[in-house]
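Working notes, structure below.
Because the structure is a prediction, the values reported are computed rather than measured.
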Amino acid sequence: MMGAVADTIRRKLQEAFSPTRLELADDSDRHHGHAGHSGSGESHFNLRIEAEAFAGKARVARQRMVMTVLAEELAGPVHALSITANAPGET
């Protein structure tokens with residue numbers, strides 16, 4: 001079960017990109033004892049998102065698009081976010 005941070009991330013990404021695929025995994029437990037891990041969870045995430053908005057964009061531009069949408073979370077509770085962003089039909 002995901003918490004409030006994950007719910008907010010999903011909602012913002014849905015609103016911004018209307019993705020055809022959205023997978024968000026809380027990876028915080030794997031980072032116990034690392035920088036940015038508060039012990040409360042929801043600090044490290046892996047994201048896989050597929051949306052038409054990424055078509056024709058370079059990998060770095062796609063990641064910046066996602067980070068712009070999630071700027072508030074990245075400045076606060078989220079210490080690390082691994083992003084895989086594709087356009088429909090890409091692997």
Side-chain angles (χ1 to χ4, degrees):
M1 172 115 180
M2 292 282 187
V5 175
D7 290 344
T8 299
I9 290 171
R10 287 181 183 280
R11 179 183 49 78
K12 286 185 171 185
L13 293 173
Q14 286 285 354
E15 291 173 1
F17 301 114
S18 298
T20 54
R21 176 181 181 181
L22 177 59
E23 298 175 10
L24 184 66
D26 185 347
D27 197 31
S28 302
D29 287 346
R30 290 188 55 222
H31 297 275
H32 183 73
H34 296 180
H37 185 274
S38 67
S40 63
E42 294 198 290
S43 60
H44 295 70
F45 289 93
N46 292 321
L47 170 67
R48 294 185 62 83
I49 184 170
E50 180 180 284
E52 190 60 42
F54 302 129
K57 305 268 192 311
R59 181 180 58 86
V60 172
R62 295 171 182 192
Q63 291 176 344
R64 285 185 183 143
M65 291 167 68
V66 170
M67 291 188 298
T68 297
V69 170
L70 301 177
E72 188 175 336
E73 289 70 30
L74 291 168
V78 177
H79 175 73
L81 177 65
S82 170
I83 302 168
T84 302
N86 294 317
E90 295 178 344
T91 56

If the condition is side-chain hydrogen bond (donor to acceptor under 3.5 Å, both in side chains), which residues does Glu90 pass it with, not counting sequence neighbours?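 Once residues adjacent in sequence are excluded, the partners of Glu90 under the side-chain hydrogen bond (donor to acceptor under 3.5 Å, both in side chains) criterion are Arg62.
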
With Arg21 via side-chain hydrogen bond (donor to acceptor under 3.5 Å, both in side chains) - residues at least two apart: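 For Arg21 the side-chain hydrogen bond (donor to acceptor under 3.5 Å, both in side chains) partners, ignoring immediate neighbours, are Glu23.
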
Can you give each donor-acceptor pair under 3.5 Å made by side-chain atoms of residues 48-60, sequence neighbours left out, with the distance rounded to 0.1 Å?
unit_1	atom_1	unit_2	atom_2	d
Glu50	OE2	Thr20	OG1	2.7

Identify each donor-acceptor pair in which a side-chain atom of residues 66-76 lies under 3.5 Å from a protein atom, sequence neighbours left out, and give them as a table.
unit_1	atom_1	unit_2	atom_2	d
Thr68	OG1	Arg64	O	2.8
Glu73	OE1	Lys12	NZ	3.1
Glu73	OE2	Lys12	NZ	2.9

Could you check Leu81 against Ile9 for side-chain contact (heavy atoms from CB on, under 4.5 Å), going step by step and ending with a plain yes or no? CA-CA 11 Å; Leu81 177 65; Ile9 290 171; 5.5 Å; no

Do the side chain of Glu42 and the main chain of Asp26 share a donor and acceptor less than 3.5 angstrom apart?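 Not a single qualifying donor-acceptor pair exists.
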
Listed once per pair and sorted, the side chain to side chain donor-acceptor pair (under 3.5 Å) pairs that draw on residues 80-89, sequence neighbours left out: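 Applying side chain to side chain donor-acceptor pair (under 3.5 Å) to every pair that reaches into residues 80-89, excluding sequence neighbours, yields nothing.
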
